[in-house]
K.L.:
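Sending over a structure as structure tokens; questions will come in a sec.
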Amino acid sequence: CHDMVYDLVRDRVVLGGMWGTDNHIYEYDGNNWITCPEPPLGFVQTKMIYNVQQELSIAYIGYYPEKVFEYNGVVWTIKEPVTIPGGNDIYAIRGYGLAYDSTREVIVLFGGYYLYSGYNYVANLTWEYNGLNWQLINSSNSPPARWDFSMDYDSLRNRCIVFGGLNENLDVYGDTWAYDGTAWVEINCPDNPNPITDASMVYDSHRDRMVLFGGYDEYLGTRSDKTWEFDGYTWIETTPNQNPAPRNDHALAYDSYRKRMILFGGFDGTHDLNDTWEYRNNETTIPTLSIIPSILLLTLLSMLLTFTKRA
């Protein structure tokens with residue numbers, strides 16, 4: 001239920017949305033974690049994106065669906081759009097997907113488990129936020145309703161990618177969809193990952209790949225430690241010589257300056273994790289971390305298909 005983004009201007013990974021009593025924001029500078037001031041409200045069911053044009057980390061919190069939180073690295077600003085995804089009587093949204101379309105400069109919100117007073121449902125609605133207000137998009141051929149799926153934006157092909165998730169009957173999907181701002185299209189791939197929920201996926205702009213790690217594997221009935229890459233047309237399972245422990249509910253961000261993925265947090269079925277890993281190119285010696293966010297796991301991924309445990 002936590003998430004993180006890479007602040008391109010300040011060269012920091014920004015992490016928020018921890019469970020428990022730790023409501024701080026943490027930032028990672030490539031060597032260590034830094035504790036930042038608490039946000040104005042508890043970040044539960046949080047998704048975050050980075051707005052390149054406005055140089056802001058933006059959080060949308062499912063338990064405060066009427067608000068949008070903006071962070072410039074110093075202070076938080078709360079916006080309250082007139083239109084709210086799900087309508088004014090919604091209580092919360094869980095398991096939705098969020099991505100920033102940097103070409104059209106809008107935040108895209110898809111799917112999720114909508115909670116109202118007296119009834120709930122799983123949605124396949126597409127909403128867009130332009131910095132001022134939310135708008136419901138009447139896009140054609142939407143994916144089946146789902147929640148707890150993976151979603152990010154492919155900046156080369158100018159489209160959001162969705163993978164996996166589950167429906168209201170708890171059936172798990174293993175399909176791949178793309179949204180270009182007008183229509184949804186299913187991408188039929190010869191070798192998809194197994195149907196999976198609660199995985200994390202982010203776009204590696206240097207190598208032009210979506211990287212998917214972990215999640216709950218419906219076929220195997222276990223949490224996954226697999227890494228998959230999607231080149232826009234085909235999924236390929238990679239074979240690192242060492243994997244982090246299987247997990248779900250973790251966060252993933254791409255550090256475009258150091259050309260590496262950063263994955264933080266996770267749950268192994270029994271414990272919250274707080275170990276740190278890297279998956280990157282030709283870097284195996286990493287300084288010891290003196291500050292680790294309290295109840296989460298950090299995993300870092302990148303180009304050399306080798307996971308290296310951090311102290």
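Position 1 is the first residue of the sequence, and the numbers go up from there.
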K.L.:
On a heavy-atom basis, which atom in Ala123 and which in Tyr114 lie closest, and how many Å separate them?
P.N.:
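For Ala123 versus Tyr114, the nearest heavy atoms are CB-CE1, 3.5 Å.
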K.L.:
Mind checking whether Tyr179 and Asp101 have side chains closer than 4.5 Å, heavy atoms only?
P.N.:
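They are not in contact (no side-chain heavy atoms under 4.5 Å apart), so the answer is no.
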K.L.:
Would you say the side chain of Tyr71 lies within less than 4.5 Å of the side chain of Leu56, judging by non-hydrogen atoms?
P.N.:
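No, every pair of side-chain atoms sits at 4.5 Å or beyond.
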K.L.:
Give the minimum heavy-atom separation between Ser205 and Ser155, together with the two atoms involved.
P.N.:
CB-OG, 4.5 Å
K.L.:
Locate the shortest heavy-atom distance separating Ala251 from Met4; write the atom from each residue and the value.
P.N.:
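That closest heavy-atom pairing would be O-CE, 3.6 Å.
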K.L.:
Could you tell me whether the side chains of Tyr50 and Asp7 share a donor-acceptor contact shorter than 3.5 Å?
P.N.:
yes
K.L.:
At what distance, to the nearest 0.5 angstrom, does CG of Asp180 lie from CG of Asp154?
P.N.:
11.5 Å
K.L.:
Answer with yes or no whether the hydrophobic clustering places Ile90 together with Trp127; edges join I, L, V, M, F, W, Y residues whose side-chain heavy atoms lie under 4.5 Å apart.
P.N.:
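Ile90 clusters together with Trp127.
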K.L.:
What is the minimum heavy-atom distance between Tyr153 and Met210, and which atoms define it?
P.N.:
C-CE, 3.7 Å
K.L.:
Name the one of Asp175, Asn167, Asp171 that satisfies side-chain hydrogen bond (donor to acceptor under 3.5 Å, both in side chains) with Arg146?
P.N.:
Asp175
K.L.:
Any chain of hydrophobic side-chain contacts (each under 4.5 Å) joining Val172 to Tyr113?
P.N.:
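Yes, same cluster.
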K.L.:
Should Tyr96 and Tyr121 be counted in the same cluster of Ile, Leu, Val, Met, Phe, Trp and Tyr side chains packed under 4.5 Å apart?
P.N.:
yes
K.L.:
Checking the side chain of Asp249 only, and the main-chain atoms of Phe267 only, is there a donor and an acceptor separated by less than 3.5 Å?
P.N.:
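Here the side-chain-to-backbone pair does not exist.
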K.L.:
Once you round to the nearest 0.5 Å, how far does CG of Leu98 lie from OG1 of Thr46?
P.N.:
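Taking CG in Leu98 and OG1 in Thr46, the distance rounds to 10.5 Å.
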K.L.:
With heavy-atom distances below 4.5 Å as the criterion, would you say the side chains of Asn248 and Thr197 are in contact?
P.N.:
no
K.L.:
Between Met151 and Val108, does a side chain to side chain contact (heavy atoms under 4.5 Å, CB included) hold up when you go through it step by step?
P.N.:
CA-CA 10 Å; Met151 178 174 171; Val108 180; 3.8 Å; yes
K.L.:
Would you say the side chain of Val211 lies within less than 4.5 Å of the side chain of Glu229, judging by non-hydrogen atoms?
P.N.:
yes
K.L.:
Output the distance between atom OH (Tyr216) and atom CZ (Arg223), rounded to the nearest 0.5 Å.
P.N.:
6.5 Å
K.L.:
Kindly determine whether Tyr60 and Tyr129 satisfy ring-ring contact (aromatic ring centres under 6.0 Å, His included), including the steps that lead there.
P.N.:
CA-CA 11 Å; Tyr60 184 74; Tyr129 179 70; 8.3 Å; no
K.L.:
Mind telling me whether Phe213 and His250 have parallel, tilted or perpendicular rings, with 30° and 60° as the class edges?
P.N.:
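Answer is perpendicular, since the angle exceeds 60°.
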K.L.:
In Å and rounded to the nearest 0.5 Å, what is the CD1 to CG distance from Ile49 to Asp152?
P.N.:
10.5 Å
K.L.:
Just wondering, do Ile187 and Arg159 contact through their side chains at under 4.5 Å, heavy atoms?
P.N.:
yes
K.L.:
Please lay out, stage by stage, how Asn130 and Glu128 fare under the test side chain to side chain contact (heavy atoms under 4.5 Å, CB included).
P.N.:
CA-CA 7 Å; Asn130 63 5; Glu128 293 185 356; over 6 Å; no
K.L.:
To the nearest 0.5 Å, tell me how far Ile93 CD1 sits from Lys47 NZ.
P.N.:
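The NZ atom of Lys47 is 12.0 Å from CD1 of Ile93, to the nearest 0.5 Å.
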K.L.:
For the residue pair Pro85 and Leu125, establish whether any side-chain heavy-atom pair is separated by less than 4.5 Å.
P.N.:
no
K.L.:
Assess the side chains of Ser142 and Asn124: does a donor N or O sit below 3.5 Å from an acceptor N or O?
P.N.:
no
K.L.:
Counting distance only, does the side-chain N/O of Asn194 pair as donor-acceptor with the main-chain N or O of Asp217 below 3.5 Å?
P.N.:
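Flag not set: sc Asn194 to bb Asp217 has no pair under 3.5 Å.
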K.L.:
Which class fits the ring pair Tyr28 and Trp33: parallel under 30°, tilted 30 to 60°, perpendicular over 60°?
P.N.:
tilted
K.L.:
Under the side chain to side chain contact (heavy atoms under 4.5 Å, CB included) criterion, do Trp134 and Leu109 qualify, and how do the steps go?
P.N.:
CA-CA 9 Å; Trp134 289 100; Leu109 185 153; 3.8 Å; yes
K.L.:
Short question: side chain of Lys79, backbone of Gly131 - any donor-acceptor pair under 3.5 Å?
P.N.:
yes
K.L.:
Can the ring centroids of Trp177 and Phe110 be said to lie less than 6.0 angstrom from one another?
P.N.:
no
K.L.:
Might you point out which heavy atoms bring Leu166 and Asp148 nearest each other, and give the distance in Å?
P.N.:
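Nearest pair, atom of Leu166 first, then Asp148: CD2-CB, 3.6 Å.
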K.L.:
What about Phe149 and Ile161, same hydrophobic cluster or not, with Ile/Leu/Val/Met/Phe/Trp/Tyr joined at side-chain heavy-atom distances under 4.5 Å?
P.N.:
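Not linked; separate clusters.
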K.L.:
Tell me if a side-chain donor or acceptor on Tyr64 pairs with a main-chain N or O of Glu66 at a distance below 3.5 Å.
P.N.:
no
K.L.:
So does Gly86 get a backbone contact from the side chain of Tyr116, meaning a donor-acceptor N/O pair under 3.5 Å?
P.N.:
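At least one qualifying donor-acceptor pair exists.
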K.L.:
Report yes if the distance between the aromatic ring centroids of Phe163 and Trp235 is under 6.0 Å, otherwise no.
P.N.:
yes
K.L.:
Excluding sequence neighbours, so at least two apart, what forms side-chain contact (heavy atoms from CB on, under 4.5 Å) with Asp11?
P.N.:
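Per chain and number, Asp11 pairs via side-chain contact (heavy atoms from CB on, under 4.5 Å) with Tyr6, Asp255, Tyr257, Arg258.
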K.L.:
Can you confirm whether more than 12 heavy atoms, excluding those of Tyr91, are under 6.0 Å from its OH atom?
P.N.:
no
K.L.:
Report the distance from atom CG of Asn72 to atom CG of Asn51, rounding to the nearest 0.5 Å.
P.N.:
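If I round to the nearest 0.5 Å, the distance is 12.5 Å.
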K.L.:
For Asp208 and Arg157, run salt bridge (Lys or Arg N to Asp or Glu O under 4.0 Å): C-alpha distance rounded to whole Å, both residues' side-chain angles, the deciding distance at 0.1 Å, then the answer.
P.N.:
CA-CA 10 Å; Asp208 180 29; Arg157 297 169 186 84; 2.8 Å; yes
K.L.:
Asn32 and Asp29: which non-hydrogen atoms are nearest, and at how many Å?
P.N.:
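Between these two residues, the closest heavy atoms are N-OD1, 2.8 Å.
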K.L.:
Before you tell me yes or no, could you show the steps for Val202 and Met261 under side chain to side chain contact (heavy atoms under 4.5 Å, CB included), namely the whole-Å CA-CA distance, both residues' side-chain angles and the distance that decides it to 0.1 Å?
P.N.:
CA-CA 8 Å; Val202 75; Met261 296 286 175; 2.9 Å; yes
K.L.:
Any chain of hydrophobic side-chain contacts (each under 4.5 Å) joining Val122 to Trp184?
P.N.:
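Cluster IDs for Val122 and Trp184 differ.
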K.L.:
Can you confirm whether Tyr100 sits close enough to Gln53 that some side-chain heavy atom of one is under 4.5 Å from a side-chain heavy atom of the other?
P.N.:
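Yes; the side chains approach each other to less than 4.5 Å.
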K.L.:
Would a 4.5 Å heavy-atom cut-off, applied to side chains only, mark Phe230 and Cys189 as touching?
P.N.:
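Of all side-chain heavy-atom pairs linking Cys189 with Phe230, at least one is under 4.5 Å.
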K.L.:
Taking Gly174's backbone N and O only, do any of them form a donor-acceptor pair with Asn192's side chain (distance below 3.5 Å, no angle check)?
P.N.:
yes
